[in-house]
Amino acid sequence: WFWGHAQSADGQYVAVADHRDEAVTIIDRKDSNARPTRVSIPSPERVALSPDGRWLAAGAFYDGFVSVWDWQASTTAVATLRPASHLLSFSRDGQSLLTYGRALGLWRTSDWQALELPAVENSTIFAATLSADNRWLAVSQSDRTVHLIDLEARRTSVVLERPGEG
């Protein structure tokens, strides 16, 4: 039951979430002598690795939180992010972690504190992505709206309703 996988930006590390075995396995693809690292996680569905491969984040749909590990140093979680959701990705520079699905969250990786975000409509979030410069956040929701959030101003700049229709 492999639910999710991720790799570091350089492709060295691959993480695979195994829902049935309640673990994430991280493989070093460049070191053939390295043993895979296994981190126990209750019912992992989605995983993300920071671009440098240091941080492992994992979440499950029903749990309402995301756990984060400095997996090369320890298999003990360094942070539990709440409320958070199971869909997640790191920014390109590794300075923040975006969580979305039931809830939208943006977390600073230096101290795992939540960054303030403007409220978005109470609708399931299908997709979210950060711009390369971390200034903008685009959020697509089940009500068929797309919110473009200016992260410097901490406000929604544009809401597109039913894009692609008409």
Sub-4.5 Å side-chain heavy-atom contact between [X] and [Y]:
{"X": "Thr37", "Y": "Leu56", "value": "no"}
{"X": "His147", "Y": "Leu137", "value": "no"}
{"X": "Ile149", "Y": "Pro118", "value": "yes"}
{"X": "Arg54", "Y": "Thr109", "value": "no"}

Checklist outcome for this item: Checking Leu81, Thr80, Thr99 against Phe65 for side-chain contact (heavy atoms from CB on, under 4.5 Å), the one that qualifies is Thr80
Checklist entry - How about Arg92: does its CZ atom have over 12 heavy atoms from other parts shown lying under 6.0 Å from it? => result no
Any chain of hydrophobic side-chain contacts (each under 4.5 Å) joining [X] to [Y]?
{"X": "Val146", "Y": "Val159", "result": "no"}
{"X": "Phe90", "Y": "Leu49", "result": "no"}
{"X": "Leu115", "Y": "Tyr100", "result": "yes"}
{"X": "Val78", "Y": "Leu88", "result": "yes"}

Contact summary for [X] and [Y], nearest pair of heavy atoms:
{"X": "Ala48", "Y": "Ser89", "result": "CB-CA, 4.3 Å"}
{"X": "Pro51", "Y": "Asp93", "result": "CG-C, 4.4 Å"}
{"X": "Ala6", "Y": "Val47", "result": "CB-O, 3.6 Å"}
{"X": "Ser91", "Y": "Gln95", "result": "OG-N, 3.2 Å"}
{"X": "Ile27", "Y": "Pro36", "result": "CG1-CB, 4.4 Å"}
{"X": "Pro44", "Y": "Glu22", "result": "CD-CA, 3.8 Å"}

How many angstroms lie between [atom1] in [X] and [atom2] in [Y], if you round to the nearest 0.5 Å?
{"X": "Arg135", "Y": "Leu130", "atom1": "CZ", "atom2": "CG", "result": "13.5 Å"}
{"X": "Arg155", "Y": "Leu117", "atom1": "CZ", "atom2": "CG", "result": "14.5 Å"}
{"X": "Ile41", "Y": "Asp21", "atom1": "CD1", "atom2": "CG", "result": "12.0 Å"}
{"X": "Leu98", "Y": "Leu87", "atom1": "CG", "atom2": "CG", "result": "9.5 Å"}
{"X": "Trp69", "Y": "Ser74", "atom1": "CH2", "atom2": "OG", "result": "10.5 Å"}
{"X": "Leu97", "Y": "Leu106", "atom1": "CG", "atom2": "CG", "result": "8.0 Å"}

Checklist entry - Out of Asp28, Asp31, Asp52, which one pairs with Gln12 under the side chain to side chain donor-acceptor pair (under 3.5 Å) rule? => result Asp28
Checklist entry - Checking Arg38 side chain against Ala23 main chain: does a donor-acceptor pair fall under 3.5 Å? => result no
Next on the checklist: If we ignore hydrogens and angles and just use 3.5 Å, is the side chain of Ser8 paired with the main-chain N or O of Gly53 as donor and acceptor?
Outcome noted: no
Next on the checklist: I'd like to know whether Ile26 forms a side-chain contact (heavy atoms from CB on, under 4.5 Å) with Val39, so could you lay out the CA-CA distance, the side-chain angles of the two residues, the decisive distance to 0.1 Å, and finally the verdict.
Outcome noted: CA-CA 8 Å; Ile26 303 110; Val39 179; 3.9 Å; yes
Checklist entry - So, do Trp112 and Trp55 have ring centers that fall under 6.0 Å from each other? => result yes
